[in-house]
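So the structure is just underneath, and the comments pick up after that.
What you see is a predicted model; the values in this text were computed from it and never measured. Hydrogens, waters and symmetry mates play no part in the numbers below; they use all other heavy atoms, side chains included.
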Amino acid sequence: MSDRIESRLKEDRRFQPSREFSAHARVGSHAEYAELYRQSIEEPEQFWRAQTQDLVFRTPPKTFVEWKLPNAKFFLGATLNLTESCLDRHLVTQHRTRAAIVWEGEPGDVRTLTYFELHREVVRLAAALTDLGVIAGDRIAIYMGMVPEAAIAMLACARIGATHSVVFGGFSAEALRDRINDSGAKVLLTQDGAWRRGSVVPLKKMADDAVAQTKTIEKVVVYRRMGSERTPVEMREGRDVWWDDLLGRHPSEKALALAKSPPAFDAEHPLFILYTSGSTGKPKGVLHTTAGYLAGAHVTTKFVFDLKDGDLYWCTADIGWVTGHSYIVYGPLSCGASCMMYEGAPNFPDPGRFWKVIERHGVTILYTAPTAIRAFIRWGDDWVNKADLSSLRLLGSVGEPINPEAWTWYHKVVGKDRCPIVDTWWQTETGSIMLTTLPGAAYSKPGSTGLPLFGVDIAVVRDEGQDCAANEGGKLVIRRPWPSMARTLWNDDERYLKSYWDVMPNVYFTGDGARKDEDGYFWVVGRIDDVLNVAGHRIGTAEIESALASHPSVAEAAAVGKPDDLKGQALVVFVTLKQGQAATKELKGKLTEHIDKEIGKFARPDQIRFTDALPKTRSGKIMRRLLKEVASGALETKGDTSTLEDLGVLAKLRADEE
Ligand code: PRX
């Protein structure tokens with residue numbers, strides 16, 4: 001949407017939650033929000049103690065925070081088994097028989113797991129993992145689709161203190177291999193195949209290719225989703241074991257012991273590693289620890305989604321991204337919520353699938369991404385209007401800026417003008433939602449991510465660090481540590497410091513550009529570093545460039561984003577070829593396949609442009625700013641080109657239309 005930024009600047013409509021919604025909301029007025037926020041900043045220890053009272057600590061915390069770069073520690077002295085907060089505590093209440101997960105497979109099969117059943121499956125797998133020799137601190141890779149077993153796998157790791165590293169099922173074997181090698185994972189949990197748009201994604205086959213190039217994986221546990229007729233897999237003797245065989249028919253003695261008295265871990269025990277894109281070719285292994293992460297996920301889920309008994313909450317993200325970690329698994333389960341989980345594509349067998357899922361199960365809260373919303377708009381209102389959506393009461397958006405047009409459509413066509421929308425801004429590194437409008441407490445402005453959440457000291461600043469004036473664009477930074485923040489990057493404290501804390505002294509730099517308006521509402525424009533947000537997927541330009549450069553025909557590559565109606569940003573790559581290589585259509589196809597193989601299909605460039613040279617500064621840096629302008633079709637170069645080595649390169653690039 002070429003008018004995105006402009007319309008965001010002009011947007012001044014306000015949408016007030018209904019009186020009825022506010023009357024029943026956890027936080028029902030702006031004054032209540034402001035008081036809680038004040039307490040969270042001025043008396044953080046009291047705030048977090050009060051708000052985490054329903055979590056289970058084995059030993060209570062002694063000190064709330066200790067902050068010495070690069071190490072933040074929260075809830076010092078506490079010990080806990082995080083899964084007791086997500087599972088065990090519900091077994092002694094009426095939640096025991098409540099659905100924890102309502103799952104629908106792409107072919108239409110449905111499974112419901114109560115809290116009792118989920119707990120039983122988790123402890124059985126946890127015990128079985130210890131039988132394989134897994135001990136606390138070991139890393140376990142999880143490469144699965146959207147099946148309940150993916151959540152069970154994560155919780156089973158947490159039960160025994162193993163650190164999980166979930167790798168999105170859309171990543172290629174190569175990407176999985178790199179993540180296994182970086183984390184040194186000992187066991188890989190996967191499945192024979194996963195449904196996607198009517199076809200089977202052969203996860204085990206890709207896992208085999210990845211594991212063949214790793215040294216640390218000792219065992220591969222395979223969940224049977226498809227069955228051998230549909231998806232035959234090769235089981236390697238001594239290494240591979242079927243999930244069901246591993247668990248056995250009845251809970252083992254060990255499982256019964258783990259069910260009753262799970263071990264307790266330090267508050268700062270590593271809970272998971274999640275790889276995300278940064279500004280170099282190597283993905284960052286973001287590390288989250290136990291108590292602070294749980295506190296952040298729990299408190300934000302409770303307030304932002306305003307959970308109530310009787311809600312069926314559906315976060316449509318994949319479990320392989322942070323949204324799936326915090327808002328399918330840890331946050332909602334720690335609140336005792338019933339969570340909808342859907343396996344497949346939103347347009348299978350037709351574009352009405354999401355709405356049918358909502359109607360069939362009575363979903364009350366829907367949390368999805370702007371890219372999906374824009375696709376729904378394209379597919380037409382009829383698909384939405386055909387379904388009964390009267391169960392919905394609250395809508396959410398996450399992952400990228402939502403343009404006001406999409407916001408308004410979501411509000412009107414899906415929410416029938418009666419469901420508040422929470423536009424939530426956060427990141428893999430923040431662990432939990434940082435900015436939003438609490439649904440009963442504040443009006444929304446379409447396109448704005450709203451106000452800071454509890455404990456979040458966030459600001460828009462100039463390059464030198466002073467606050468920007470109202471509506472002046474600048475860098476989005478966070479000025480004090482918060483419980484669910486990433487503690488470091490796996491095995492790389494130095495990169496952690498350099499990426500986030502050294503850009504401006506003593507503040508966390510988000511990588512985003514934003515402005516804050518006269519009402520204190522934040523408007524996030526998007527990344528200002530070398531990271532793209534394509535269809536809600538975070539992709540590092542350097543990752544794409546180094547993948548392309550590893551192709552034998554490529555001399556050099558530069559990746560940039562350009563505005564896109566559907567995906568928010570589209571990926572455009574400029575490629576120079578090695579001597580003697582012909583710039584053909586076939587080669588474009590081969591380079592696309594190469595990206596599929598190195599990273600995954602979701603990172604496919606939207607456009608590949610061959611060029612004789614890339615515009616560079618005299619010191620040899622690729623001028624991405626200029627390439628962005630060329631990619632988006634700007635005829636005049638707005639930026640300063642005084643350092644451009646050869647202006648002729650730029651003229652040629654512009655002329656070289658596809
Ligand atoms: O640029 C921001 C954008 O997504 C980035 C974080 O990506 P990731 O770590 O993959 O996490 C995505 C899910 C939390 C941010 O730096 N972003 C996320 N949510 C929003 C957003 N941009 C605008 N509005 C949002 N609500």
Say you draw a straight line from CH2 of W243 to CG of L189; how long is it, rounded to the nearest 0.5 Å?
5.5 Å

For A291, which residues count as a side chain to side chain contact (heavy atoms under 4.5 Å, CB included) partner, sequence neighbours excluded?
F57, F75, L80, A267

Hey, are the side chains of N81 and P263 touching, using non-hydrogen atoms and a 4.5 Å cut-off?
yes

Do R538 and E429 meet the salt-bridge criterion of a basic N to acidic O distance under 4.0 Å?
yes

Any donor-acceptor pair under 3.5 Å from H269 side chain to G161 backbone:
yes

Would you confirm whether R225, through its side chain, and A194, through its main-chain N or O, come within 3.5 Å as a donor-acceptor pair?
no

Is any side-chain N of the basic residue among R139 and D182 closer than 4.0 Å to the acidic one's carboxylate O?
no

Would you say K412 has more than 12 foreign heavy atoms packed within less than 6.0 Å of its NZ?
no

Hey, can you tell me if W321 and F168 have their rings parallel, tilted or perpendicular (30° and 60° cut-offs)?
tilted

Rounded to the nearest 0.5 Å, the OH atom of Y293 sits from the CG atom of L287 at a distance of 12.0 Å

If I take atom OG from residue S397 and atom CD1 from residue I402, how far apart are they, to the nearest 0.5 angstrom?
4.0 Å

Without swapping roles, check the side chain of R177 against the backbone of Q213 for a donor-acceptor pair under 3.5 Å.
no

With the side chain counted from C-beta on, respond yes when L307 and I365 share a heavy-atom pair under 4.5 Å apart, and no when they do not.
yes

For D240, the option from K204, R224, K219 that meets salt bridge (charged side-chain N to carboxylate O under 4.0 Å, His left out)
K204

Would you check if there is a donor-acceptor pair between the side chains of T364 and D311 at a distance under 3.5 Å?
yes

Please answer whether the main-chain N or O of M146 pairs with a side-chain N or O of W103 as donor and acceptor at a distance below 3.5 Å.
yes

What's the separation between atom CG in D209 and atom NZ in K597, rounded to the nearest 0.5 Å?
9.5 Å

Give, for atom OG1 of T290 and atom CZ of F265, the distance between the pair rounded to the nearest 0.5 Å.
8.0 Å

Over 12 foreign heavy atoms within 6.0 Å of NZ, K205:
no

Just do the side chain to side chain contact (heavy atoms under 4.5 Å, CB included) check on V304 and L438 with the steps written out, would you?
CA-CA 5 Å; V304 176; L438 290 185; 4.1 Å; yes

Quick one, W355 and L366 - any side-chain contact, counting heavy atoms below 4.5 Å?
yes

I'd like to know if E104 pairs up with R353 as an ion pair, taking the criterion as any Lys NZ or Arg NE/NH1/NH2 lying under 4.0 Å from an Asp or Glu carboxylate oxygen.
yes

Could you check if a side-chain atom of E149 sits within less than 4.5 angstrom of a side-chain atom of Q191, using non-hydrogen atoms only?
no

Assess whether a salt bridge exists between D208 and R236, defined as any Lys/Arg side-chain N lying under 4.0 Å from an Asp/Glu carboxylate O.
no

I would like to know whether W379 and D350 meet side-chain hydrogen bond (donor to acceptor under 3.5 Å, both in side chains); could you show each step before the answer?
CA-CA 10 Å; W379 293 334; D350 61 46; over 6 Å; no

Main chain of G193, side chain of T231: is a donor-acceptor contact present, judged purely on distance under 3.5 Å?
no

Using only atom types and a distance under 3.5 Å, with no angle test, would you say the side chain of T190 pairs donor to acceptor with the backbone of V222?
no

Candidate pair S444 and W407, rule side chain to side chain contact (heavy atoms under 4.5 Å, CB included), full reasoning:
CA-CA 10 Å; S444 305; W407 195 102; 3.6 Å; yes

Between R98 and S338, is any side-chain donor less than 3.5 angstrom from a side-chain acceptor?
yes

How about H298 and D54: does a side-chain donor come under 3.5 Å of a side-chain acceptor?
yes

With sequence neighbours left out, write down each residue that passes side chain to side chain contact (heavy atoms under 4.5 Å, CB included) with A100, or none if nothing qualifies.
Y115, L118, L333

Heavy atoms, side chains only, cut-off 4.5 Å: are F272 and V286 in contact?
no

Between the main-chain N or O of Y327 and the side-chain N or O of Y313, is there a donor-acceptor pair closer than 3.5 Å?
yes

Using side-chain heavy atoms (C-beta onward) and a distance below 4.5 Å, is F454 in contact with T300?
no

Would you call I180 and Y143 a side-chain contact if the rule is heavy atoms closer than 4.5 Å?
no

Would you kindly check if the NZ (Lys) or CZ (Arg) of R96 is within the cone defined by 45 degrees around the ring axis of F116 and under 6.0 Å from the six-membered ring centre?
yes

Minimum side-chain heavy-atom gap L274-H288 below 4.5 Å:
no

Salt bridge R111-E117, side-chain N to carboxylate O under 4.0 Å
no

Regarding Y275 and D178, is there a side-chain donor-to-acceptor distance under 3.5 Å anywhere?
no

Check whether the side chains of T323 and Y367 place a donor and an acceptor atom closer than 3.5 Å, and report yes or no.
no

Straight-line distance of T428 OG1 to H325 NE2, nearest 0.5 Å:
9.5 Å

Mutual orientation of the aromatic rings belonging to F376 and F354 [parallel < 30°, tilted 30-60°, perpendicular > 60°]
tilted

Taking side chain to side chain contact (heavy atoms under 4.5 Å, CB included) as the criterion, tell me which of R196, M226, K601 meets it with V201.
R196

Regarding T79 and R58, is there a side-chain donor-to-acceptor distance under 3.5 Å anywhere?
no

Can you list the residues that meet the salt bridge (charged side-chain N to carboxylate O under 4.0 Å, His left out) rule with R230, with sequence neighbours excluded?
none

